[in-house]
2 protein chains.
Amino acid sequence: MAILLFLLKWLELRLVIFNHAFEIYIGAIAVIFTGLGIWLALKLSKPKTVVVEKAVYIQQHTGNGFVVNEQEIEKLGISNRELEVLQLMAEGLSNQEIAEKLFVSLNTIKTHSSNLFIKLDVKRRTQAVDTAKKRRIIP
Amino acid sequence: MAILLFLLKWLELRLVIFNHAFEIYIGAIAVIFTGLGIWLALKLSKPKTVVVEKAVYIQQHTGNGFVVNEQEIEKLGISNRELEVLQLMAEGLSNQEIAEKLFVSLNTIKTHSSNLFIKLDVKRRTQAVDTAKKRRIIP
DNA sequence: CCCTAAATCACCCGAAAGTATGAGCGTGAT
DNA sequence: ATCACGCTCATACTTTCGGGTGATTTAGGG
C-alpha cells in the first residue's frame with residue numbers, strides 16, 4: 001500500500017516535471033548562473049579589506065631606575081615561577097592566558113596565584129598587582 | 001547603397017533572432033542571473049577587517065610627577081564616576097568594596113566597570129588598570 | 001518642553017577567579 | 001635515604017566578574 005502510494009506520488013512528480021520542464025530548465029539556469037556570478041565576483045574581485053589602526057601602548061623603560069626589590073621578594077618567599085605569574089597578571093592576562101603562555105595547566109596557575117595571594121597577604125589579583133608594584137617587586 | 005546594405009544586415013539579424021529566440025532567451029537569463037550573482041556577492045560579502053597594531057611609546061612618569069592625561073579621558077569619554085571606580089579598581093578593591101565605598105549598589109559598580117571596559121577596550125579589570133596606567137589616566 | 005547623557009539599580013546567566021585539599025615528581029640539602 | 005621545597009596537576013566547591021538587557025531618575029542643553 002505504502003509502496004503503491006509512493007509510486008503514485010512519484011508518477012505525479014514526473015508529470016509535474018514533464019509539464020513544467022521549461023520553467024524548471026529556466027530555474028536551473030538561473031540558479032547555476034547566479035552561482036557563477038557569485039563565484040566570479042568572489043574570485044575576481046579584490047578582497048575588500050578595511051584596515052583599522054589600533055594603538056598599542058608600550059611602556060618605555062629608557063634606562064630609568066627600576067630595580068627589583070630582591071630583599072622583598074626573598075622576605076616574602078616568592079618563587080620565580082610565582083614571580084612570572086605575577087608579572088603576567090600585572091599585564092592584565094587571565095589565568096587561562098598565563099597558563100598557555102607558560103605551557104602549564106590552568107590549575108597550576110590557580111595554585112601559584114593562590115600561594116602568591118597568601119604571600120602578598122591579599123585577596124584578589126588586582127590587589128596583588130597593586131601591592132607588588134608598591135613593594136617594587138614588579139615594575 | 002550603404003543604407004541598403006545596412007537594411008539587409010538588419011533583416012538578417014532579425015531572422016537570426018527569430019530563429020534562435022529560445023537560445024537568446026536562455027542567454028539573457030544567464031547574463032541577468034550572472035549579474036545578480038555578482039551583485040549579491042559584492043553586496044553581501046563582508047569586508048575583511050585587518051587590525052594593524054601601532055606602537056605608542058609612553059613617557060615614564062618618574063617619581064611623583066604625575067599629571068592626569070585629560071585629553072585621553074575626554075577622548076575616551078570616561079565620566080568622573082567611572083574614573084572614581086577605575087581608581088578604586090586600581091587599588092585592588094572588589095566591586096562590592098567599591099560599591100560600599102561610594103555608597104551605591106553592587107549592580108551600579110558593575111555597570112560602571114562594564115562601560116569602562118568598553119571605553120578602554122579591555123576585557124578584564126586587571127587589563128583596565130594596566131591600560132589606564134599606561135595611558136596616564138590614573139597614577 | 002523635549003531630548004540626551006549620566007547615574008542609579010535590578011535580574012539572569014555563564015565564565016573566570018579563588019579556596020581547599022590531596023598528590024606525584026624532581027632536586028638539593030642533611 | 002630522607003626531608004623540604006618548588007612545581008606540577010586534579011577535583012570540587014564558592015564567590016566574583018562580566019555581558020546583556022531594561023528601567024528609572026535627574027540634570028543640562030537646544
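Values in this document were obtained by computation on a predicted structure and should not be read as measured data. Every chain is numbered from 1, with letters handed out A, B, ... down the list of sequences.
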Residues of residues 97-109 of chain A with a heavy atom under 4.0 Å from any atom of DNA chain D, listed by number, are A:Val104, A:Ser105, A:Asn107, A:Thr108
Contacts of B:Lys75 meeting salt bridge (Lys or Arg N to Asp or Glu O under 4.0 Å) (sequence neighbours excluded), chain-then-number -> B:Glu72
CD of B:Gln96 to CG of B:Leu106, rounded to nearest 0.5 Å, is 5.0 Å
Here the residues of residues 86-95 of chain B within 4.0 Å heavy-atom distance, strictly under, of DNA chain D are B:Ser94, B:Asn95
Chain A reaches DNA chain C, atoms under 4.0 Å from its heavy atoms, from C:dA17 to C:dT19
Nearest heavy-atom contact between A:Leu120 and A:Thr131 is O-CG2, 4.3 Å
| message | As a quick check of understanding, evaluate side-chain contact (heavy atoms from CB on, under 4.5 Å) for B:Val129 and B:Lys133, giving each step before the final call. | response | CA-CA 6 Å; B:Val129 171; B:Lys133 285 188 181 231; 3.8 Å; yes
Contacts satisfying salt bridge (Lys or Arg N to Asp or Glu O under 4.0 Å) that involve residues 87-107 of chain A (not counting sequence neighbours) are A:Glu97-B:Arg124
- With a 4.5 Å heavy-atom cut-off, do B:Thr34 and A:Thr34 have their side chains touching? no
For nucleotides 20-30 of chain D, 5' to 3', base contacts (B), sugar-phosphate-only contacts (S) and non-contacts (-) with protein non-hydrogen atoms under 4.0 Å give -----------
A:Arg125 CZ to D:dG18 P, in whole Å, measures 10 Å
side-chain hydrogen bond (donor to acceptor under 3.5 Å, both in side chains) filter on B:Lys54, not counting sequence neighbours, yields none
Whole-Å distance, A:Asn115 CG to D:dC7 C1', equals 10 Å
Atom NE2 of B:His112 and atom P of D:dG19 are separated, to the nearest Å, by 15 Å
Check: Between B:Leu76 and B:Ile137, is any pair of side-chain heavy atoms under 4.5 Å apart?
Finding: yes
The correct set of residues in residues 74-81 of chain A placing a heavy atom under 4.0 Å from DNA chain D is A:Ser79, A:Asn80, A:Arg81
- So B:Phe117 and B:Gln127, side-chain contact (heavy atoms from CB on, under 4.5 Å) or not? Walk me through it. CA-CA 9 Å; B:Phe117 298 157; B:Gln127 225 183 335; over 6 Å; no
Is a side-chain donor or acceptor of B:Glu74 paired with a backbone partner of B:Gln71 at a separation under 3.5 angstrom?
no
Axis-to-axis angle for the helix from C:dC1-D:dG30 to C:dT30-D:dA1, ends of five pairs each, to 10°, equals 40°
Hits for side-chain hydrogen bond (donor to acceptor under 3.5 Å, both in side chains) against A:Glu84, two or more places apart or cross-chain, chain-then-number order -> A:Arg81
Sorted by chain and residue number, the side-chain hydrogen bond (donor to acceptor under 3.5 Å, both in side chains) partners of B:Thr108 (sequence neighbours excluded) come out as B:Ser105
Applying side-chain hydrogen bond (donor to acceptor under 3.5 Å, both in side chains) to A:Lys110 and not counting sequence neighbours gives none
Could you tell me whether the side chain of B:His112 reaches within less than 4.5 Å of the side chain of B:Leu86, counting heavy atoms only? no
Value for CG (B:Leu88) from CG (B:Asn95), rounded to nearest 0.5 Å, stands at 10.5 Å
- Would you find a donor on one side and an acceptor on the other, under 3.5 Å apart, between the side chain of B:Asp130 and the backbone of B:Thr126? no
Checking A:Ile73 against A:Asn80 for the side-chain contact (heavy atoms from CB on, under 4.5 Å) test, could you report, in this order, the C-alpha distance in whole Å, the side-chain angles of both residues, the deciding distance, and whether it holds?
CA-CA 9 Å; A:Ile73 294 174; A:Asn80 41 355; over 6 Å; no
Heavy-atom nearest nucleotide on DNA chain C taken for B:Lys110 and for B:Glu82; more 5' hit belongs to B:Glu82
Practice prompt. May I ask you to decide if A:Gly77's main-chain N or O and A:Lys119's side chain share a donor-acceptor pair within less than 3.5 Å?
Written response: yes
